[in-house]
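The analysis underlying the following values was restricted to heavy atoms, covering all of them including side chains, and did not include hydrogens, waters or symmetry mates.
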Amino acid sequence: MEMEKLVSLCRRRGFIFQSSEIYGGINGFWDYGPLGVELKRNIKEAWWHDMVVAPPLGPDGEEIHIVGVDCAIIMNPKVWEASGHVAGFADPMRKCSGCGHFVRADQLWQILATSSRWVDSLTQEFTPITESIDSPKLLSWAKNKGKKLAPNLALVRNPEATLGSIATRVKGQADARLELKDILRYLATENPDATGLQDPCPICGGPLGEAAPFKLMFESYVGVEQSKENKVYLRPETAQGIFVNFKNVLDSSRLKLPFGIAQIGKAFRNEVNPRNYTFRSREFEQMELEFFCHPDESAKWYEFWRDVRIKWYAELGLRSDKLRPREQSAEERAHYSVGTTDIEYLFPFSDEPQELEGVAHRSDYDLRQHQEHSGKDLSYFDDELWQKADKSQFADKKAEQEAKSKPPYRFLPHVIEPSAGADRFTLAVLCEAYTEDAIPDEKGVPQPRVVMKFHPRLAPIKAAILPLVNKDGMPEKAQALYRELKPHFNVFYDDKGAVGRRYRRQDEAGTPFCITIDGQTLQDDTVTIRDRDTTEQRRLPMAAVLQEIQKHLRPGS
RNA sequence: GCGGGUGUAGCUCAAUGGUAGAGCAUCGGUCUUCCAAACCGAGUACGAGGGUUCGAUUCCCUUCACCCGCUCCA
């Protein structure tokens, strides 16, 4: 399936529009239309229901307790210092004046040494490159391979001047062994007297500009004065709102470990390059659970939530051959994580599966960070264990107090975080649902059809009520049924045009059931119910329609 | 951010330095007995800004958006 077809359908039927489209749009922002908002709401509600209202039983068959919060998008900026986002999200980047490429300043020399094509080529021909400066050979490299691989390198642009300046400079220190770094800087500089030694771009060899912070968090100001003190950030993830409220929730809800706190909400990241429709947006919605547990049990809960989450996607219709869990390697994991599994989906726009959700074992990293930065105690006291403890082992009150303040009685819980992207799952559901097939017309000739095969729980419209023709009392019967169903779920009434056309319209909207009122309805109050995917029809009493449809909307169905 | 490509009606696509067309879709009407029927009628477009020109949708510049590749993706 090509993405353009899906994008076109989403626009045509009102699933997704470009934000501020009449002004030419804005890169990385999207609006959900009438059908899209229902789809995404159903996704969020399914998540909330299946995670918060009625979570599955735990690994030992025990009940799991999860509560929700809804935190402000703008928080005290210290939150983002504690979480590491201010540092991590403002990496100094250097821009190449040749090709415009950005490179992280702190990784430049590592990238040059290991993954720059032109440096590779250079080091292969001059092994070891640091032994000597072989001018004729460098000149020949510059005129051949260099021309293709590093067009903006000083050595390539202006070999004579560059080699000349190297000769002068290096002469004075003939015995000094030059590091690769020094060589590359010489090769990148035409006129060191004017510019000083320059750092080359790993892509094209052009000179890099000064390092400047590249802000990945959106900034704003609280209050009218745009001063440094008033600077705030739009949250880049919802998780931190949960961590900083850990104590509040604990103190107000009588929860005991293990338990979870869930949140669905918007988050913002100033992505370098939003791409692939809504997949990488600058404003997006997350569905996050922070599950707090005893450190000794964290591995068990990590595996539990990972498996629960994979199953959830499969149940809501993502095909297992396109869905895959991928355990991150130790090098790939964030520094706080003891284990992370990405749940990935094979989108049509990519050859590689892309992340829908990350299930991360965050250990006690976040609570510890906030405890240190805020100076507030965020530890958990295991009252139950303390009650059971043999107090006679303590010499005096002081020893008792001492014991109470330490593990196993008092400790920082570990956290398992299943963090899902609502927009990404919505996109995956749209991709998965999009189907082209053919169904026979009145003459039996197969006609192409586009049908969105949503799981009934997620479908924006659950049923359409269609009078076969607009006469003989059929519209009245149909209206009565429409009014009966409407309070329970989204129903659509359509009496325009031929019935076949109306079926096709509902197919594109992904409506799982079409109820048709025909001549027989007038005689015995039965109607036909058409299955979207098979187009087969069954006849059933009008009075049984509500229950029949509801049967398919129940969680787990 | 760079390189390449694309911007004309809701969609798919024409034509043109001088009044912008079609098919499908949409809406209204006639009709109606199960999978985009027929007929009649209607509305809707040159992404934005600037320049050249008597006149620009067409040529030039800038910009914005989208697609592909590179890059980025705590």
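Taking a pair as Watson-Crick or G-U wobble with both distances under 3.5 Å, the runs of three or more consecutive pairs in RNA chain B are B:1-7 with B:64-70, B:10-13 with B:21-24, B:26-30 with B:38-42, B:47-51 with B:59-63.
Remark: A:R11 is not in phosphate contact with B:G10, judged by side-chain N or O atoms under 4.0 Å from OP1 or OP2. The side chain of A:N470 contributes no N or O atom lying less than 4.0 Å from OP1 or OP2 of B:U32.
Not a single side-chain hydrogen bond (donor to acceptor under 3.5 Å, both in side chains) links A:H373 to another residue, sequence neighbours left out. Residues satisfying the side-chain contact (heavy atoms from CB on, under 4.5 Å) test with A:V527, not counting sequence neighbours, are A:I515, A:I517, A:T521, A:L540, A:M542, A:V545. Shown here are the side-chain contact (heavy atoms from CB on, under 4.5 Å) partners of A:A262, two or more places apart in sequence or in another chain: A:W47, A:W48, A:V52, A:I66, A:L289. For A:Y302, the ring-ring contact (aromatic ring centres under 6.0 Å, His included) test picks out no residue, with sequence neighbours left out. Every residue two or more places apart in sequence or in another chain that forms a side-chain contact (heavy atoms from CB on, under 4.5 Å) with A:D494 is listed here: A:L466, A:F492, A:K496, A:R502, A:R505. Qualifying side-chain contact (heavy atoms from CB on, under 4.5 Å) partners for A:T535, counting only residues two or more places apart in sequence or in other chains: A:I439, A:R449, A:R530.
Listed by first and then second residue, the ring-ring contact (aromatic ring centres under 6.0 Å, His included) pairs that reach into residues 500-528 of chain A are A:F513-A:H552, sequence neighbours excluded. Applying the ring-ring contact (aromatic ring centres under 6.0 Å, His included) rule to pairs touching residues 264-290 of chain A yields A:W30-A:Y277, A:F279-A:F347, A:F279-A:F349, sequence neighbours excluded. Residue pairs that meet the salt bridge (Lys or Arg N to Asp or Glu O under 4.0 Å) test with at least one member in residues 470-482 of chain A, sequence neighbours left out, are A:K477-A:D525.
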- Task: Any chance you could list the contact pattern along nucleotides 34-43 of chain B? Use B for base contacts, S for sugar-phosphate-only contacts and - for none, protein heavy atoms under 4.0 Å, 5' to 3'.
- Result: BBBB------
Could you list the protein-to-nucleotides 6-9 of chain B atom pairs, N/O on both sides, closer than 3.5 Å?
none

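Following rounding to the nearest Å, A:L6 (CG) and B:C67 (P) show an atom-to-atom distance of 12 Å.
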- Can you list the steps and then say if A:I465 with A:D495 is a side-chain contact (heavy atoms from CB on, under 4.5 Å)? CA-CA 8 Å; A:I465 311 299; A:D495 59 3; over 6 Å; no
